[in-house]
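Okay, structure first, notes after.
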Protein chains: 2
Amino acid sequence: MTGPGPDKINLAEKLARFGDHWHPRLVGALNGQHVKLVKLKGEFVWHQHEHEDELFLVIAGSFRMEFRDRSVELNAGELLIVPRGVEHRPVADNECSVLLFEPAGTLNTGDAESVLTRNELEWI
Amino acid sequence: MTGPGPDKINLAEKLARFGDHWHPRLVGALNGQHVKLVKLKGEFVWHQHEHEDELFLVIAGSFRMEFRDRSVELNAGELLIVPRGVEHRPVADNECSVLLFEPAGTLNTGDAESVLTRNELEWI
């Protein structure tokens, strides 16, 4: 590419820039929505988002999305949309890299503010 | 998974359900946005979207996004966000499978209605 303008984002290259878990990074924005990358390992907190639907797309590894009455196992190349108001908890037995797509301003812990809450997001 | 509720979408399984080119299928909806899958091969039409930013994520293969003053080569695992108002034309020398993320109602050919325009989208 020459000159300024839209440039591509290589997901593997972006993922290589950080190693901590449950700490989403911003990689894109469009139509009031954010594209984020996050690495999961272990159990997150139960939470829900009152006003936001959330998309999880597995880039590498696998994780389990727990709901109160069931769970869904997600592998690379699979995505899940969690509707607003639905309690969920991601659990990853091994490290898993995920692309998130959700409205700008969506808080990672939703209604369950905790030490895991990330109020400020960095672009990578 | 048992019982109703959010279920996962396997992109490869969805892609196996159709074979035609430049004909996006719907696989998800959230926050007024649509998630689509499309197979590209050959040259599309030059167009722009007046009000919609568009995200292209390559799932398999590669393609080239042409702009009026440059082009960007995209491979699997790479994404590109084309801002509203920017003329673009996807070109794929070989078949390429792409995930699209854009506002519900976005027309594939934008301001360049043609035989390639898909007014009605099917869920797969």
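Everything numeric here is computed off the predicted structure, so don't read it as measured data. A, B, ... follow the sequence lines: proteins, then strands. Residue 1 opens every chain. Scope of the values below: all heavy atoms of this structure, side chains included, with no hydrogens, waters or symmetry mates.
Looking at B:Val58, there are no atoms closer than 4.5 Å to chain A (heavy atoms on both sides), in backbone or side chain. Using a 4.5 Å cut-off between heavy atoms, A:Leu99 contacts chain B through its side chain alone, with no backbone atom that close. Heavy atoms of B:Ala29 lying under 4.5 Å from chain A belong exclusively to its backbone. In this structure, the portion of B:Gln33 lying under 4.5 Å from any heavy atom of chain A is its side chain and not its backbone. Only the backbone of A:His51 has a heavy atom closer than 4.5 Å to any heavy atom of chain B. Of the two parts of B:Phe101, the backbone and the side chain both hold a non-hydrogen atom closer than 4.5 Å to a non-hydrogen atom of chain A.
Between A:Glu43 and A:Arg89, at least one side-chain N (NZ, or NE/NH1/NH2) sits under 4.0 Å from a carboxylate O, which counts as a salt bridge. Salt bridge present: A:Asp20 and A:Arg25 bring a charged side-chain N and a carboxylate O closer than 4.0 Å. A:Glu102 has a carboxylate O that lies under 4.0 Å from a charged side-chain N of A:Lys36, or vice versa, which qualifies the two as a salt bridge.
Ranking A:Asn10, A:Asn31, A:Leu79 against chain B, the residue ahead of the rest is A:Asn31, based on heavy-atom pairs under 4.5 Å. Per-residue counts of heavy-atom pairs under 4.5 Å with chain A were compared for B:Asn75, B:Ile81, B:Ile59; the largest is that of B:Ile81. Ranked by heavy-atom pairs under 4.5 Å with chain B, the first of A:Leu57, A:Leu80, A:Val86, A:Leu30 is A:Leu30.
Contact between B:Ser62 and B:Ala92 at its shortest, heavy atoms only, is O-CB, 4.3 Å.
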Start with the C-alpha gap between B:His49 and B:Glu54, add the side-chain angles, then the distance that decides, and say whether side chain to side chain donor-acceptor pair (under 3.5 Å) holds.
-> CA-CA 8 Å; B:His49 306 276; B:Glu54 265 190 317; 2.9 Å; yes

Please lay out, stage by stage, how B:Leu11 and B:Leu37 fare under the test side chain to side chain contact (heavy atoms under 4.5 Å, CB included).
-> CA-CA 8 Å; B:Leu11 298 177; B:Leu37 288 172; 4.1 Å; yes

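Taking the six-membered ring for Trp and thresholds of 30 and 60 degrees, B:Phe67 and B:His88 have ring planes inclined between 30 and 60 degrees apart.
For A:Asn94, the CG atom is loosely surrounded, since the number of other residues' heavy atoms within 6.0 Å does not exceed 12.
Contacts between residues 107-124 of chain B and chain A, counted as heavy-atom pairs separated by less than 4.5 Å, involve no residue at all.
Aromatic rings from A:His21 and A:His23 are positioned such that their centres are separated by 6.0 Å or more.
Of the candidates B:Val35, B:Val38, B:Leu55, B:Leu100 forms a side chain to side chain contact (heavy atoms under 4.5 Å, CB included) with just one, namely B:Val38.
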